[in-house]
Amino acid sequence: QVQLVESGGGLVQAGDSLRLSCLTSGRTFGNPAMGWFRQAPGKEREFVAAIRWTDGSTTYADCVKGRCTISRDNAKNTVTLQMNSLKPEDTAVYYCAAQRGRWSYRPIGYYSTEDLYDYWGQGTQVTVSS
């Protein structure tokens with residue numbers, strides 16, 4: 001129903017930047033959100049950022065505020081995560097996630113947990129060295 005393909009990961013040094021992209025296809029309804037999550041070795045998957053497809057409102061995890069920007073291009077059906085000033089602790093597999101749809105209109109900050117997303121990409125590896 002919804003397919004997600006991530007790209008843009010790689011090996012960088014601390015202080016560098018990366019731009020991750022998520023190409024989407026399929027149909028949703030209402031006011032769905034798109035999110036980015038990450039999972040480091042030996043750790044649980046954690047929330048990074050989210051954006052509402054319809055109005056572009058955004059929310060970020062505290063650990064990436066000021067360093068990351070999430071955006072979307074409705075015409076190209078893509079969601080982008082721009083990451084700057086990368087740190088070794090940013091090393092993880094980054095996943096793009098999508099909701100099938102929402103009829104409610106909660107503040108975008110509400111959609112920051114895995115259970116609220118229905119579709120996932122295969123992930124892209126980001127490695128930040130010292």
Side-chain angles (χ1 to χ4, degrees):
Q1 297 180 35
V2 174
Q3 292 79 46
L4 309 173
V5 180
E6 303 104 325
S7 62
L11 174 62
V12 298
Q13 295 183 331
D16 286 352
S17 298
L18 277 177
R19 190 180 189 186
L20 307 182
S21 295
C22 178
L23 176 63
T24 72
S25 62
R27 182 176 294 180
T28 60
F29 66 87
N31 306 297
M34 296 288 296
W36 283 97
F37 293 77
R38 68 186 183 185
Q39 187 168 25
K43 297 183 179 180
E44 296 183 348
R45 189 175 299 184
E46 66 176 354
F47 172 76
V48 177
I51 186 168
R52 203 194 312 277
W53 199 263
T54 51
D55 64 5
S57 57
T58 61
T59 186
Y60 299 90
D62 289 340
C63 60
V64 300
K65 285 183 178 179
R67 299 191 297 118
C68 293
T69 301
I70 186 171
S71 60
R72 93 285 198 228
D73 188 327
N74 295 78
K76 297 180 179 180
N77 296 315
T78 58
V79 175
T80 298
L81 182 68
Q82 176 70 42
M83 301 188 294
N84 302 318
S85 301
L86 287 166
K87 306 174 181 179
E89 51 263 43
D90 293 320
T91 295
V93 176
Y94 284 70
Y95 297 91
C96 179
Q99 296 178 333
R100 65 169 63 92
R102 289 291 186 276
W103 290 120
S104 61
Y105 198 85
R106 298 178 181 273
I108 186 62
Y110 179 82
Y111 301 107
S112 60
T113 58
E114 284 187 75
D115 59 296
L116 296 177
Y117 292 84
D118 305 293
Y119 307 101
W120 297 82
Q122 79 284 354
T124 184
Q125 177 71 49
V126 172
T127 303
V128 184
S129 65
S130 301

Report task. Sort and list the pairs that fulfil side-chain hydrogen bond (donor to acceptor under 3.5 Å, both in side chains) and have at least one residue in residues 8-19, not counting sequence neighbours. Result -> Ser17-Asn84
**Report entry** From CD (Gln82) to CG (Leu20), nearest 0.5 Å
**Finding:** 8.5 Å
Report task. Quick one: pull up CZ in Arg52 and OG in Ser57 and give me the separation to the nearest 0.5 Å. Result -> 4.0 Å
Report task. Have a look at Phe47 and tell me which of Phe37, Tyr117, Trp36 forms a ring-ring contact (aromatic ring centres under 6.0 Å, His included) with it. Result ->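 Looking at Phe37, Tyr117, Trp36, the match for Phe47 under the ring-ring contact (aromatic ring centres under 6.0 Å, His included) is Phe37.
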Atom of [X], atom of [Y] and distance for their closest heavy-atom approach:
X: Gly8; Y: Leu18; result: O-CD2, 3.6 Å
X: Cys68; Y: Tyr60; result: O-CE2, 3.4 Å
X: Val2; Y: Ala98; result: CG1-CB, 4.3 Å
X: Val64; Y: Arg38; result: CG1-NH1, 4.1 Å

Query raised in the report: Are any non-hydrogen side-chain atoms of Thr28 and Gln99 less than 4.5 angstrom apart?
Result: no
Query raised in the report: Going by the salt bridge (Lys or Arg N to Asp or Glu O under 4.0 Å) test, which pairs reach into residues 101-112, not counting sequence neighbours?
Result: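 Found none.
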Query - All pairs passing salt bridge (Lys or Arg N to Asp or Glu O under 4.0 Å) where residues 120-130 contributes a residue, at least two apart - result: none
Query raised in the report: Which residues, ordered by chain and number, are linked to Val5 in its hydrophobic cluster, where ILVMFWY side chains connect at heavy-atom gaps below 4.5 Å, directly or through other members?
Result: none
**Report entry** Transitive ILVMFWY cluster of Leu11, excluding itself - 4.5 Å side-chain cut-off
**Finding:**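 Members besides Leu11: none; it forms no cluster.
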Under 3.5 Å, which donor-acceptor pairs link side chains of residues 119-130 to any protein atom two or more places apart or in another chain?
| from | atom 1 | to | atom 2 | distance (Å) |
| --- | --- | --- | --- | --- |
| Tyr119 | OH | Gln1 | OE1 | 3.1 |
| Thr124 | OG1 | Gly9 | N | 3.2 |
| Gln125 | NE2 | Ala92 | O | 3.4 |
| Gln125 | NE2 | Thr127 | OG1 | 3.3 |
| Ser129 | OG | Val12 | O | 3.4 |

Query - CZ/Arg100: more than 12 non-hydrogen atoms of other groups inside 6.0 Å - result: no
Please enumerate all residues that pass side-chain hydrogen bond (donor to acceptor under 3.5 Å, both in side chains) together with [X], with sequence neighbours excluded.
X: Glu89; result: none
X: Thr113; result: Asp115
X: Ser104; result: none

Query raised in the report: Any ring pair (Phe, Tyr, Trp, His ring centres under 6.0 Å) pairs touching residues 86-116, not counting sequence neighbours?
Result: Phe29-Trp103
Report task. Check the hydrophobic clustering (I, L, V, M, F, W, Y; side-chain heavy atoms under 4.5 Å; chains of links allowed) and say if Leu81 and Leu23 are grouped together. Result -> no
Query raised in the report: In terms of hydrophobic clusters joined by side-chain contacts under 4.5 Å, are Ile108 and Met34 together?
Result: no
Identify all side-chain donor-acceptor contacts of residues 70-77 below 3.5 Å with residues at least two apart in sequence or on another chain.
| from | atom 1 | to | atom 2 | distance (Å) |
| --- | --- | --- | --- | --- |
| Arg72 | NE | Trp53 | O | 3.2 |
| Arg72 | NE | Asn74 | OD1 | 3.4 |
| Arg72 | NH2 | Trp53 | O | 3.4 |
| Arg72 | NH2 | Thr54 | O | 3.3 |
| Asp73 | OD1 | Ala75 | N | 3.1 |
| Asp73 | OD1 | Lys76 | N | 3.2 |
| Asn74 | ND2 | Trp53 | O | 3.3 |

Query raised in the report: Quick check: does any side chain N or O of Gln3 sit under 3.5 Å from a backbone N or O of Gly26, one acting as donor and the other as acceptor?
Result: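 Looks like no, no N/O pair under 3.5 Å.
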Query raised in the report: Listed by chain and number, what are the salt bridge (Lys or Arg N to Asp or Glu O under 4.0 Å) partners of Asp62, not counting sequence neighbours?
Result: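 By the salt bridge (Lys or Arg N to Asp or Glu O under 4.0 Å) rule, Asp62 matches Lys65.
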Query raised in the report: Could you walk me through whether Thr78 and Ser21 pass the side-chain contact (heavy atoms from CB on, under 4.5 Å) check?
Result: CA-CA 7 Å; Thr78 58; Ser21 295; 5.7 Å; no
Report task. Output, in order, the C-alpha distance, side-chain angles, deciding distance and verdict of side-chain contact (heavy atoms from CB on, under 4.5 Å) for Met83 and Val48. Result -> CA-CA 11 Å; Met83 301 188 294; Val48 177; 5.7 Å; no
